[in-house]
2 protein chains.
Amino acid sequence: MKLSDRKKQILKIVVNDYIKTAQPVSSKQISDKYMTDLSSATVRAELAQLEELGYLTHVHTSSGRVPSKDAYKLYVDELMSRGKLTVKELSFIKEQFRKQTSDIESVVKNTVKIISELTDYTSLAYSTMSKEDKILNVKIFRFKPTVALLLIVTENTLIRDKVIRIPEDMTDEEVENANEIINRMFTGKSFGEVLTYSDKIESEFIEFREIFERIIEVLEDYVSSSSGSLFLEGEDKIMNHPEYSDVEKVKNFLSVVNSKEKVVDLLGENKNNIEISIKIGSEDDSIPKDCSLVTASYSAGGVNIGSYGVIGPIRMDYQKVVSVLEGVGKILEEMLKDE
Amino acid sequence: MKLSDRKKQILKIVVNDYIKTAQPVSSKQISDKYMTDLSSATVRAELAQLEELGYLTHVHTSSGRVPSKDAYKLYVDELMSRGKLTVKELSFIKEQFRKQTSDIESVVKNTVKIISELTDYTSLAYSTMSKEDKILNVKIFRFKPTVALLLIVTENTLIRDKVIRIPEDMTDEEVENANEIINRMFTGKSFGEVLTYSDKIESEFIEFREIFERIIEVLEDYVSSSSGSLFLEGEDKIMNHPEYSDVEKVKNFLSVVNSKEKVVDLLGENKNNIEISIKIGSEDDSIPKDCSLVTASYSAGGVNIGSYGVIGPIRMDYQKVVSVLEGVGKILEEMLKDE
DNA sequence: ATTAGCACTCGGCTTTTTAGAGTGCTAACA
DNA sequence: TGTTAGCACTCTAAAAAGCCGAGTGCTAAT
């Protein structure tokens, strides 16, 4: 059934008001505050029908209406007016980004912080570590007889470094040598490729076997499912919202959000959308019960390299969140383009 | 006034029981469960006197006794029996550490995790970035025309890396050159020294001015008060304890614990003690209200390079916490010695 | 010094009461 | 036919009242 314009208008009012106040909204309020030309009785009739259609719920016989998940969905798809960031917010974002140094990691880290700050929700980002990412350069930097730092630079400007052990009896030249050979072998290849051929390659360089193994280990580690960097900010922000006035719920929320695997699961899904994606409630049940997730993804050089977003109660200020994500996203893309 | 042995014994019972149950403990419970040779009336008399002396409080006229801060202090200083870790726990620790790779950062990170896991409290660690730490080696690794990775290896085996920008028109040789000169200048010097002389040095190398400035920036950044790495684990564990059944309190706790500056403040203090230090309640008021902090410090090569510990409610299982910190500490020291 | 006994206190729980906000329905109205 | 005033009804949230019992403090006896 198609909703009349008036029904839509009323539904929008209900959702807006409920998002703002977290209180069930009554017919009288609507008629008084938003639709002075209509009596509460008329509104009441409309509300009853909207409820019939599944967009509203009654907490109990008396006491106003609360939006259902369907209502939220309709709201974000059709009803919600797209907000713009205020000048103040925009300049705050720019201000924050200005302090920024170069590497992607810290840019993303900062982004997450800004988003959480601006929206007052828990915010998260995930940098994909894709198997397709091509290796540009591998550098073994030995800074102690038995210890070296392994640097891997990839196409997506991702740098990974990790400490590895070096056999003590290797001379610096040998290490240098190994490095060069490895570089020749790896450069231009993707993580995936390198790992696939690792057995074959390995046999060719028995002399550097040990170093080689370490490196492969590191690579495997990076590609392994839950790798990639995860950034989380404002986990505690959830407590600023009345639906989480109960410690049990907070605990549950945090246990999900603090589990890297689960979060990666959440964020991993919307690969291709540059668009903002909104998941409401247990529309998909990986999200913690009664939560919504709003995400976008960012890319460098046209390739999707991660996603970022906000997680919070279903009664979320979608308008604000979307505008913040859009605003920040634009600036973020610019920053990454520079690299 | 000196406490009789019996009073001490009773006080110990009260603290132990209260730590375990979080419930005020009554004279009857004591007489029934712990001192069957004494009647509740006698115990009652003793309790009354202990209260007189300030070790116990009455929540209200009826309903049992609760330890005061003084009681906790006495408890940890004299009364508490030192616990040993169970075999199970010990093997758990070793198991966890076995997976460990080399670098300090991840060892410490792992340590924090283990502690939090084992104690069920929020656990934290802080790696000092001291001005006295001497620079062993500086390496500029240019992996893109305008971008380089700056590595700084220090005496305490700390490695810091950071991405810096390089002027595009510098040739690789020039960068190499700059690197060498900088290395000569910096090696053997402490952060503090380098920063002090930075003005003077700078004038000598106008040609490399830009790189030089970047490096100084990075150094400054590291030395700046809130630098050093902070590790936090199990922030949510606080909610497992009944005194934090109120969201407001949790919020307050988290707001302190999530603020890097504040935590660094907390941990920064007990520099010299290898010993375990226990701070109860607002004995010192930097700690979040009604919290206790148990810390120890770790060192490498005899130098103190950080501290780690546990933060939680005053009603904390000190015995368990201390034994875990000691146990983990020993293994940690060993691991770090290997480096 | 210890203990049994008893009166007394007071928090926490359950129950009752009350007030008011909101609905649904109906009948009247434009 | 859509809108509205009016009213009975429902249900919650908050306050008030009542009850239970755990625990204490004190006293008098052992």
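Residue numbers start from 1 in every chain, and the chains themselves are labelled A, B, ... in the order their sequence lines are given, proteins ahead of strands. The analysis underlying the following values was restricted to heavy atoms, covering all of them including side chains, and did not include hydrogens, waters or symmetry mates.
B/S68 pairs by the side-chain contact (heavy atoms from CB on, under 4.5 Å) definition with B/T57, B/D70, B/A71, not counting sequence neighbours. Every residue two or more places apart in sequence or in another chain was checked for a side chain to side chain donor-acceptor pair (under 3.5 Å) with B/Q9, and none qualifies.
Among the heavy atoms of the strands lying under 4.0 Å from A/S63 are primed sugar atoms or P, OP1, OP2 only; no base atom is included.
A straight line from CG of A/D5 to C1' of D/dG2 spans 17 Å, rounded to a whole angstrom. Atom CG of B/L47 is separated from atom C1' of D/dA22 by 15 Å (rounded to the nearest Å). When the P atom of D/dG2 is taken as reference, atom CG of A/D37 falls 17 Å away, rounded to whole Å. One atom, CD of A/E46, and another, P of D/dT4, lie 11 Å apart when rounded to the nearest Å.
Closest-nucleotide positions on DNA chain C for B/R44 and A/G64 were compared, and the one nearer the 5' end corresponds to B/R44. Remark on DNA chain D: of its neighbouring residues B/A41 and A/A41, the 5'-side contact belongs to A/A41, judged by nearest-heavy-atom nucleotide. Nucleotides of DNA chain C nearest to B/R6 and A/R65 differ in position, and the one nearer the 5' end is that of B/R6.
Relative orientation of the A/Y244 and A/F253 rings is perpendicular, given thresholds of 30° and 60° on the angle between their planes.
Scanning residues 241-248 of chain B for heavy-atom distances under 4.0 Å to DNA chain C yields an empty list. Remark: nothing in residues 20-33 of chain B comes within less than 4.0 Å of DNA chain C through any heavy atom.
When each of B/K8, B/R65, B/R6 is checked for a salt bridge (Lys or Arg N to Asp or Glu O under 4.0 Å) with B/E46, only B/R6 meets the rule.
Using a distance-only test at 3.5 Å, with no hydrogens or angles considered, a donor-acceptor pair links the side chain of B/S31 to the main chain of B/L38.
Remark: B/E326 engages B/R82 in a salt bridge, criterion side-chain N to carboxylate O under 4.0 Å.
In the displayed structure, A/K251 atom NZ is contacted under 6.0 Å by more than 12 heavy atoms of other residues, nucleotides or ligands. Atom NZ of B/K330 is surrounded by 12 or fewer heavy atoms from other residues, nucleotides or ligands within 6.0 Å. Applying the 6.0 Å contact sphere to NZ of A/K28 captures no more than 12 heavy atoms from other residues, nucleotides or ligands. The neighbour count for B/D77 CG, taken as heavy atoms of other residues, nucleotides or ligands under 6.0 Å away, is above 12.
Between B/I278 and B/V322 the shortest side-chain heavy-atom distance falls below 4.5 Å.
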_Residue pair B/Y318, B/S292: steps toward the side chain to side chain donor-acceptor pair (under 3.5 Å) verdict_ = CA-CA 10 Å; B/Y318 296 98; B/S292 276; 2.7 Å; yes
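Boundaries of the chain A contact region on DNA chain C are C/dA21 to C/dC25, first to last in 5' to 3' order (nucleotide atom under 4.0 Å from a heavy atom).
Between B/F231 and B/Y126, the ring centre distance reaches or exceeds 6.0 Å.
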Dump every N/O contact between nucleotides 12-21 of chain D and the protein below 3.5 Å, one line per pair.
none

